[in-house]
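Just below is one structure, and these are the notes that go with it.
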Amino acid sequence: MVAQLRAASARMEGGIPNPVSPATGSASKVDFADMLKGSLDQVNSMQVNADQLGQKFSLGDDKVSLSDVMISMQKANISFQTSIQVRNKLVSAYHDIMNMQI
């Protein structure tokens with residue numbers, strides 16, 4: 001998931017692989033919400049693809065093998081579990097910040 005976020009960040013910044021590099025005045029800034037939405041859209045597309053492959057296999061499509069279905073389902077599951085862990089870390093960080101004494 002982190003690698004996907006970095007790759008999305010690099011695409012948004014015009015191919016710059018290091019998102020921590022100093023920003024110039026003409027470079028567009030990466031919005032966290034857009035990057036998060038892009039990652040969630042990618043997880044969703046992986047799940048939709050896995051469901052479609054499963055349906056094709058169950059309908060008897062000869063072009064789809066069981067191993068392809070299982071691999072796509074596992075990839076979708078891993079990406080979903082990763083997004084849940086990222087969400088949990090974000091919620092935990094939010095709670096830590098809200099509980100700080102000023």
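All values below were derived from every heavy atom in this structure, side-chain atoms included, with hydrogens, water molecules and symmetry-related copies excluded.
One hydrophobic cluster, built from ILVMFWY side chains closer than 4.5 Å, cannot hold both Leu66 and Ile71; they sit in different ones. A continuous path of ILVMFWY side-chain contacts below 4.5 Å connects Leu40 to Val86, so both sit in one hydrophobic cluster.
Under the side chain to side chain contact (heavy atoms under 4.5 Å, CB included) test applied with Ser92, the options Asp96, Asn88, Leu90 reduce to a single match, Asp96. Paired with Ser79 under the rule side chain to side chain contact (heavy atoms under 4.5 Å, CB included), one option of Asn44, Ile84, Val43 passes, and it is Val43.
Cluster partners of Tyr94 are Met98, counting Ile, Leu, Val, Met, Phe, Trp and Tyr whose side-chain heavy atoms approach within less than 4.5 Å, directly or via other members. Residue Val91 shares its hydrophobic cluster (ILVMFWY side chains chained together at separations under 4.5 Å) with no other residue.
Taking OG from Ser83 and CE from Met46, the interatomic distance works out to 10.5 Å, rounded to the nearest 0.5 Å. Taking CG from Leu36 and CZ from Arg87, the interatomic distance works out to 12.0 Å, rounded to the nearest 0.5 Å.
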Side-chain donor/acceptor pairs under 3.5 Å, residues 48-60, sequence neighbours excluded:
unit_1, atom_1, unit_2, atom_2, d
Ser58, OG, Gly54, O, 3.2
Ser58, OG, Gln55, O, 2.9

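Applying the side-chain hydrogen bond (donor to acceptor under 3.5 Å, both in side chains) rule to pairs touching residues 60-73 yields Ser65-Ser67, Ser65-Asp68, sequence neighbours excluded. Identified under the salt bridge (Lys or Arg N to Asp or Glu O under 4.0 Å) test for residues 71-85, with sequence neighbours left out: none.
With sequence neighbours left out, the side-chain contact (heavy atoms from CB on, under 4.5 Å) criterion links Ile78 to Thr82. Residues forming a salt bridge (charged side-chain N to carboxylate O under 4.0 Å, His left out) with Asp41 (at least two apart in sequence, or on another chain): Lys37.
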